[in-house]
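Worksheet: the structure to be examined is printed underneath.
A note on names: the letters A, B, ... follow the listed sequences, proteins ahead of strands, and every chain is numbered from 1.
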Amino acid sequence: MNLEHRTLDGIDIVKLPERLMMADASTARAAVKEIIGLGTGKLILDLADTTFIDSSGLAVLVSSLQAARKKDGDVYLIHMGNTVRALCELTRLHTVFQIFDDEAAALRALK
Amino acid sequence: MAHAGTHLILDSNPAEVPHLQARLSTLCGEAGLDDLAGFQLTCAVVEAVNNCIEHTFRGETGHQITLRWIRQQDSVSVEIRDQGEPMPALPAESPELPEPDAESGRGWHIIYQWTDRVTYARQGNENVLTLTRRL
């Protein structure tokens, strides 16, 4: 799985795929953890293209957060659609992640 | 994944589940479920199939899972059949969520919260799990 990744002012920004499901979860988890390991620990996950996540995909988000916080960083989520947001609210992940409508707001908060 | 009419047949392979998800989304739309309700039912079914692959077949590919889409006047049901090990009894009600930072344990909560009825029966050598959502 190739994740679109760029870095801005020490903050890694990763665009997640259209679907984040069990089939690709372990690959995505490893890719994001590698980015966190090589970076500052400050990460923005962009869900603009993401229309479906299952519980394995949620686990990727959680493991990313744990890896980032080990480096005193954090993971912010942006561009979350209504359906994925409903899943995050059902599973209470919205209580552990900061969620922003756009990248600029997330960048300001992470700096 | 093969499908004939309202039967969907897939292998116990995680790589097949995204195709199932796409097909279910279409079926939900055709049944008149709005985007959110369709997403919720699809999510519940995907979690059930993931459980089947991960637990019933212990991650082993090469086993058939059959889904039947049943449209009724006021509901939609998805019947999931497999010939794996019998499932443990269903929880009586929606299981508690794990802590928000836990990496697993959300599947049954999603299934219960986003469907209106969950039933399980062992019929011969088959597990039959049925998820129903009111329209």
Side-chain angles (χ1 to χ4, degrees), chain A residues 1 16-30 32-33 36 43 45 47 49-71 73-77 80-99, chain B residues 1 10-26 28-29 33-55 57-59 61 65 94-115:
Chain A
M1 173 184 283
L16 294 177
E18 181 182 0
R19 295 182 178 92
L20 192 55
M21 300 175 67
M22 186 165 73
D24 293 320
S26 60
T27 311
R29 177 194 310 244
V32 175
K33 277 190 167 178
I36 292 168
L43 175 70
L45 293 177
L47 292 103
D49 293 341
T50 307
T51 58
F52 193 89
I53 298 184
D54 64 11
S55 60
S56 301
L58 294 178
V60 173
L61 304 184
V62 170
S63 71
S64 303
L65 184 65
Q66 290 169 347
R69 288 190 174 163
K70 277 182 187 164
K71 295 188 76 167
D74 210 337
V75 178
Y76 290 178
L77 308 179
M80 184 181 282
N82 290 338
T83 51
V84 173
R85 185 180 293 266
L87 181 63
C88 284
E89 290 175 356
L90 175 72
T91 54
R92 295 203 297 260
L93 287 194
H94 68 300
T95 65
V96 292
F97 284 99
Q98 293 212 48
I99 302 169
Chain B
M1 184 184 68
L10 69 155
D11 187 80
S12 56
N13 185 337
E16 297 223 351
V17 182
H19 304 294
L20 171 68
Q21 179 262 321
R23 180 70 181 134
L24 286 169
S25 294
T26 301
C28 286
L33 291 167
D34 64 26
D35 286 350
L36 180 58
F39 174 82
Q40 292 172 334
L41 177 57
T42 300
C43 245
V45 175
V46 164
E47 291 299 331
V49 171
N50 284 349
N51 279 345
C52 180
I53 293 171
E54 197 171 5
H55 301 298
F57 293 120
R58 299 189 179 93
T61 61
I65 302 169
S94 181
E96 288 293 310
L97 274 174
E99 291 300 311
D101 59 354
E103 288 198 33
S104 61
R106 298 180 176 87
W108 280 108
H109 186 81
I110 293 169
I111 292 168
Y112 270 81
Q113 290 296 314
W114 280 353
T115 59

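- The heavy-atom pair separating B/A44 from B/T115 by the smallest distance is CB-CG2, 3.6 Å.
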Could you list the donor-acceptor pairs under 3.5 angstrom formed between side-chain atoms of residues 87-96 of chain A and any protein atom two or more places apart in sequence or on another chain?
residue: A/T91; atom: OG1; partner: A/L87; partner atom: O; Å: 2.7
residue: A/T91; atom: OG1; partner: A/C88; partner atom: O; Å: 3.4
residue: A/T95; atom: OG1; partner: A/R92; partner atom: O; Å: 2.6

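- Contact annotation for A/R85: neither backbone nor side-chain heavy atoms come within less than 4.5 Å of a heavy atom of chain B.
- For B/A22, the parts sitting under 4.5 Å from any heavy atom of chain A are the backbone and the side chain alike.
- Contacts of B/V46 with chain A are made by side-chain atoms alone, with heavy-atom separations under 4.5 Å and no backbone atom involved.
- With chain A as the partner, the residue from B/T42, B/I53, B/N13, B/L97 showing the most heavy-atom pairs under 4.5 Å is B/L97.
- Looking at A/E18 and A/T50, their side chains never bring a donor and an acceptor atom within 3.5 Å of each other.
- Top candidate by heavy-atom pairs under 4.5 Å with chain A, chosen from B/H109, B/E47, B/Q21, B/R106, is B/Q21.
- The minimum heavy-atom distance between B/G105 and B/P98, with the atom names listed, is O-CD, 3.3 Å.
- With no hydrogens or angles considered, a side-chain donor-acceptor pair links B/S94 and B/Q113 at under 3.5 Å.
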